Q: 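Here it is: the structure, laid out below.
Atoms within a ligand are numbered from 1 in the order they appear, just like the ligands themselves. The model shown is predicted, which means the values in this text are computed figures rather than measured ones. Residue numbers count from 1 along this sequence. Computed over heavy atoms, backbone and side chain alike; hydrogens, waters and symmetry mates excluded.
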Amino acid sequence: MSDEADLIEPARKLFAGPITFLKSAPALVHLPDADYPEVAFAGRSNVGKSSLLNALTNRNGLARTSNTPGRTQELNFFDVGGGGGEPPTLRLVDMPGYGYAKAPPAVVRQWRFLINDYLRGRQVLKRTLVLIDARHGIKEVDREVMAMLDHAAVGYRLVLTKADKIKATDLAAVTQATAEEARKRPAAHPDIIATSSEGGLGIPELRAAVLEAIG
Ligand code: GDP
């Protein structure tokens, strides 16, 4: 973990600098060229992904808070760092939320196609951060996504969200249970990051984890 502690300050600086929306990709043909390292964010609808991306980047409107099941399924790309003619340090990829109640099978299928298309052979994708609601822990639909990532051999890390909503003892228990499950998965990072977009818990560590992921 000492490596990651060393990255806290460089990561803070990186995320305090330029961050710009690059494009939305509703299908493979729209993906940007694979020119820079990418770190993706995935999670169930309402897990707090938009809030976390906004906290991570210190910008309120970067990721739209959703709460609209069935809204357009697209990957959103953001350039982090660079600017003024310099290339970005990395790209954040906001994946469409999955697993909302009553999603029609066609929508679920479309999500799988889009994500599998993206995962397949995307060498620049360095890691996916899979967000898990700290109140609920890992759900079956999260396991399906973890299995997709294991299968595609895309490294991923589990990040607990909304940590402020539960007691410290419960957070410790869910963190431990989540880590135990992560250790059994082939492509999962063994360490869990607990975050809160409200209180800011874990945000510096998450920034460092993004920087660490691009190695
Ligand atoms: P998304 O669908 O995954 O993008 O989730 P949102 O970011 O839109 O968040 C869903 C709901 O959870 C919203 O009402 C947020 O205000 C709330 N929320 C998100 N993150 C946190 C958090 O860290 N703490 C608390 N208390 N609420 C949060």
Side-chain angles (χ1 to χ4, degrees), residues 11-12 15 19 21-26 38-78 80 91-104 107-108 110-112 114-115 118-119 127-146 148-149 156-175 177-179 191-210:
R12 186 193 65 75
F15 281 95
I19 302 178
F21 172 73
L22 177 66
K23 71 186 299 191
S24 286
E38 293 173 351
V39 178
F41 284 74
R44 291 199 303 134
S45 293
N46 217 37
V47 72
K49 180 159 56 62
S50 310
S51 305
L52 194 65
L53 282 167
N54 289 335
L56 186 76
T57 58
N58 242 318
R59 272 148 255 239
N60 271 335
L62 187 86
R64 287 167 299 159
T65 41
S66 53
N67 294 331
T68 319
R71 78 186 172 134
T72 321
Q73 299 214 319
E74 54 197 17
L75 298 157
N76 286 303
F77 291 80
F78 300 90
V80 180
R91 281 186 174 147
L92 294 182
V93 185
D94 183 10
M95 288 182 171
Y98 56 78
Y100 54 85
K102 302 196 191 91
V107 172
V108 177
Q110 190 204 343
W111 190 93
R112 287 190 153 265
L114 176 64
I115 299 307
Y118 170 63
L119 295 179
R127 189 160 296 159
T128 297
L129 298 171
V130 180
L131 313 187
I132 306 289
D133 193 318
R135 295 170 301 176
H136 309 309
I138 300 174
K139 296 259 201 185
E140 207 43 46
V141 65
D142 298 314
R143 291 192 184 95
E144 287 171 24
V145 170
M146 288 157 70
M148 280 171 74
L149 292 162
Y156 57 97
R157 186 160 178 175
L158 303 178
V159 175
L160 297 174
T161 61
K162 309 188 189 180
D164 60 285
K165 289 209 172 198
I166 59 174
K167 290 187 295 190
T169 46
D170 292 339
L171 181 62
V174 73
T175 303
T178 308
D191 298 321
I192 310 303
I193 303 176
T195 66
S196 163
S197 302
E198 298 271 305
L201 175 83
I203 302 299
E205 291 77 10
L206 184 63
R207 290 186 189 124
V210 169

Q: Quick one: does ligand 1 sit under 4.0 Å from the side chain of K165, the backbone, both or neither, non-hydrogen atoms only?
A: side chain

Q: Can a salt bridge be assigned to the pair K49 and D94 using a cut-off of 4.0 Å between side-chain N and carboxylate O?
A: yes

Q: Is the shortest side-chain heavy-atom distance between K165 and E198 below 4.5 Å?
A: no

Q: Ignoring hydrogens and angles, tell me if any N or O in the side chain of R157 forms a donor-acceptor pair with the backbone of D191 under 3.5 Å.
A: yes

Q: Is there a polar contact between ligand 1 and N46, counting only N or O atoms under 3.5 Å apart?
A: yes

Q: Could you tell me whether the side chain of T195 and the main chain of L160 form a donor-acceptor pair under 3.5 Å?
A: yes

Q: Based purely on interatomic distance, does S45 place a nitrogen or oxygen under 3.5 Å from a nitrogen or oxygen of ligand 1?
A: no

Q: Geometry only, no angles: is G48 polar-contacting ligand 1 at N/O separations under 3.5 Å?
A: yes

Q: Hey, is ligand 1 close enough to A163 that some N/O pair sits below 3.5 Å?
A: no

Q: Measure the distances from the heavy atoms of G43 to every atom of ligand 1 and state whether one is below 4.0 angstrom.
A: no

Q: F15 and side chain to side chain contact (heavy atoms under 4.5 Å, CB included): which single residue from N58, T57, I203, L206 fits?
A: T57

Q: Below 4.0 Å from ligand 1: does a non-hydrogen atom of D164 turn up there or not?
A: yes

Q: Is K162 in polar range of ligand 1, meaning some N or O pair under 3.5 Å apart?
A: yes

Q: Okay, side chain of W111, backbone of Q73: is any donor-acceptor separation there less than 3.5 Å?
A: no

Q: Short list, please: which atoms of ligand 1 are under 4.0 Å from a heavy atom of S51?
A: 6 (P), 7 (O), 9 (O), 15 (C), 19 (C), 20 (N)

Q: Number the atoms of ligand 1 from 1 as they appear, then name those within less than 4.0 Å of a heavy atom of S196, with their elements.
A: 23 (O)

Q: Between R207 and L56 (side chain of the first, backbone of the second, donor and acceptor by atom type, cut-off under 3.5 Å), is there such a pair?
A: yes

